[in-house]
Amino acid sequence: MFVSYLILTLLHVQTAVLARPGGESIGCDDYLGSDKVVDKCGVCGGDNTGCQVVSGVFKHALTSLGYHRVVEIPEGATKINITEMYKSNNYLALRSRSGRSIINGNWAIDRPGKYEGGGTMFTYKRPNEISSTAGESFLAEGPTNEILDVYMIHQQPNPGVHYEYVIMGTNAISPQVPPHRRPGEPFNGQMVTEGRSQEEGEEKGRNEEKEDLRGEAPEMFTSESAQTFPVRHPDRFSPHRPDNLVPPAPQPPRRSRDHNWKQLGTTECSTTCGKGSQYPIFRCVHRSTHEEAPESYCDSSMKPTPEEEPCNIFPCPAFWDIGEWSECSKTCGLGMQHRQVLCRQVYANRSLTVQPYRCQHLEKPETTSTCQLKICSEWQIRTDWTSCSVPCGVGQRTRDVKCVSNIGDVVDDEECNMKLRPNDIENCDMGPCAKSWFLTEWSERCSAECGAGVRTRSVVCMTNHVSSLPLEGCGNNRPAEATPCDNGPCTGKVEWFAGSWSQCSIECGSGTQQREVICVRKNADTFEVLDPSECSFLEKPPSQQSCHLKPCGAKWFSTEWSMCSKSCQSGFRVREVRCLSDDMTLSNLCDPQLKPEERESCNPQDCVPEVDENCKDKYYNCNVVVQARLCVYNYYKTACCASCTRVANRQTGFLGSR
């Protein structure tokens, strides 16, 4: 096609040169008297060796839907033309070798127009007329600055894709053709078919130019019909007017009344149906024998003028005229597309729309169809629910929810429908926590100012309360209310020696006081501790008594901390805190600013993944299983264990035991 166009351009230039007055010609270099012309490579003054025209037709039968590579366009290519042989529901696509989509990439169909890529501008055409049979095309002037790949998005049988481009050689002359003379797009959309020689393409170009200059392309008569008078069949004459049948070398006139003009049949009808035209054929014949004679034997002024006559006036069979599919109703996922299907008939060289019943002998093509430009991103639940954060009461549990693209990659949540997002956290009720021990902090003071003493705290078991804490009940293991303390030895005299009362075990409410009572013997300046039996004759003073400094009022009580929710990677633990009055009933009089924390973080260290020696890939192409998102099936999860596990860990993080 490119060669044809260049020949046409050259012929036009030569015609303009020959028509120039004075015989002086202007070459392609714009110099008067120059004889330089443009060669097939578009080089002014070239010798047709500076380039290589690469062309062919991609006719492979394709079975699977999707992208299929058609041809590679090398770096430096010019005059690029990629065209479908005829209209189909397939689409052409173009992308760079680096992976950047230029036209119709990622299952998204672009509108016809101009697209920049590979260092040049591509014109993308998609004829949309109902009656058009032309297919899609990419056209570019070039040159390209990188390797490009042409693909077909296969949806129906391949009609064939013609490709053509020019590669300049190392000895090519730089193009010097002025812009108004530079070859452009292929002439009339015609293409040189695969396997055709350049000479045949050039000859076709010359014929097309002649037809273009005439404005029509009438059928050519043979040399036989122009020079002899064979026996003719009335129903097999050419449908054109017979005026061109005058012999090129007529004999001398021998007009006489022995010969006259006679109609011998008609030309063939111009159409087989739908109202065509034909003309009567008049011949010079002998009056008596009716044998045909040269036209010079008859009076040419008496020859009747052939008049057009209608023929085959019956209409052609009706047919379904199928329009172009509309754009898909959805940009991703399953949508609908429509097309117009009309019943038409051809009559008098016009295509008319008729009632559908006229096409009832034919199966009507579908007017609607499902379509899917690409698969939408969707929500995927990657893990099961975790165990509840508490062993009893109301806690929470979580799971991993991700937005995944049509190729299996995790993408931002905004790419999925947020209204359809599954919950990744919910409450869980593990039943009521029946009993729990509630403790105060240890007292700051020891019960004895010297010697052995105790520190105390309050312990209470709360019952019949539904809690959100992971408690297991009070049981028999009551926490200790006192713990030993020692502020150093004391000194005394021979007698029962009673130390000072310790401070009250609690600062408010009912508590106890302790004191040391020992049997001692007082020396001059020392005391000797004796066995208590030595003082048995003496009344032993009490060593413990109750105390009550003041009412406590409301005070904060809390339980022990629960187990951490996770053994690694930052979990949390909880406890229950309550405000209790002196009689150990719930109160709201505690100072909120002094309330102990009910939740804190725990186990911040990273998790260490468990290595399973039996988890291996059994096949070399397990990456395809991952890309196809088949790891959700047990068979592939086992056959490609390592790949599926690695992807799951990468996207969800290593999960330790809970």
Side-chain angles (χ1 to χ4, degrees), residues 1-6 39-43 46 48-60 62 66-86 88 90-126 134-154 158-172 174-175 177 182-187 189-196 198 201:
M1 180 177 5
F2 171 68
V3 175
S4 302
Y5 179 80
L6 289 177
D39 70 353
K40 68 179 183 180
C41 301
V43 178
N48 296 327
T49 62
C51 69
Q52 178 185 4
V53 179
V54 180
S55 64
V57 178
F58 177 78
K59 294 182 177 179
H60 295 289
L62 306 175
Y67 287 82
H68 296 268
R69 198 171 79 130
V70 174
V71 67
E72 172 188 295
I73 301 176
E75 182 178 355
T78 61
K79 309 300 179 187
I80 302 167
N81 189 322
I82 312 295
T83 304
E84 275 190 305
M85 303 295 286
Y86 56 86
S88 72
N90 301 327
Y91 295 93
L92 297 176
L94 184 67
R95 77 173 184 180
S96 67
R97 183 56 60 88
S98 63
R100 184 178 71 88
S101 295
I102 300 173
I103 302 176
N104 294 344
N106 298 323
W107 290 98
I109 304 304
D110 298 315
R111 295 183 180 275
K114 294 185 180 296
Y115 295 87
E116 185 175 359
T120 186
M121 186 66 70
F122 281 86
T123 301
Y124 175 34
K125 296 182 178 180
R126 187 194 309 145
E136 292 194 344
S137 64
F138 296 156
L139 303 175
E141 193 70 18
T144 56
N145 61 6
E146 62 176 321
I147 299 175
L148 303 176
D149 289 317
V150 178
Y151 288 83
M152 170 186 286
I153 305 177
H154 176 241
N158 174 23
V161 178
H162 180 274
Y163 56 87
E164 182 174 285
Y165 55 85
V166 173
I167 294 295
M168 303 300 290
T170 56
N171 60 340
S174 299
V177 183
R182 184 171 299 164
E185 296 179 351
F187 179 71
Q190 299 296 318
M191 297 183 294
V192 180
T193 58
E194 183 178 29
R196 177 174 295 171
Q198 293 185 358

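Just so it is clear, the model here is predicted, and its values are computed rather than measured.
- Distance alone, capped at 3.5 Å, is enough to place a donor-acceptor pair between the Thr144 side chain and the Pro74 backbone.
- Asn104 places a side-chain N or O within 3.5 Å of a backbone atom of Leu92 that can act as its donor or acceptor partner.
- In this structure Ser96 satisfies the side chain to side chain donor-acceptor pair (under 3.5 Å) test together with Ser98, sequence neighbours excluded.
- Atom CG of Asn106 sits in a sparse spot, with 12 or fewer heavy atoms from other residues, nucleotides or ligands closer than 6.0 Å.
- In this structure a side-chain-to-backbone donor-acceptor pair under 3.5 Å is present from Thr120 to Gly142.
- Under the side-chain contact (heavy atoms from CB on, under 4.5 Å) criterion, Leu62 pairs with Phe58, His60, His68, Met152, His154, not counting sequence neighbours.
- Within the structure, salt bridge (charged side-chain N to carboxylate O under 4.0 Å, His left out) pairs that include any residue of residues 98-118 comprise Arg111-Glu327 (at least two apart or interchain).
- Rounding to the nearest 0.5 angstrom, the gap separating the OH atom in Tyr163 from the CD atom in Glu72 is 11.5 Å.
- Counting only heavy atoms from C-beta outward, the side chains of Phe122 and Ile80 approach each other to under 4.5 Å.
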Query raised in the report: Between Leu148 and Leu94, is a side chain to side chain contact (heavy atoms under 4.5 Å, CB included) present by the stated rule, with each step listed?
Result: CA-CA 7 Å; Leu148 303 176; Leu94 184 67; 4.1 Å; yes
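- Between Phe138 and Ile103 the shortest side-chain heavy-atom distance falls below 4.5 Å.
- To the nearest 0.5 Å, the span separating CG on Asn158 from NZ on Lys59 amounts to 10.0 Å.
- Note that the OG1 atom of Thr123 and the OH atom of Tyr115 stand 11.0 Å from one another [nearest 0.5 Å].
- Looking at Glu84, its side chain does come within 3.5 Å of a backbone N or O of Glu136 through a donor-acceptor pair.
- Across all their heavy atoms, Leu139 and Lys125 have their closest contact at CD1-NZ, 4.0 Å.
- Closest of all the heavy-atom pairs between Gly105 and Ser101 is CA-OG, 3.6 Å.
- Glu146 and Gly118 get closest at one heavy-atom pair: OE2-CA, 3.7 Å.
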Report task. Please assess Ile109 against Ile153 for the test side chain to side chain contact (heavy atoms under 4.5 Å, CB included), listing each intermediate value before the final yes or no. Result -> CA-CA 10 Å; Ile109 304 304; Ile153 305 177; 3.8 Å; yes
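- How far CD1 of Ile167 is from OG1 of Thr78: 7.0 Å, rounded to the nearest 0.5 Å.
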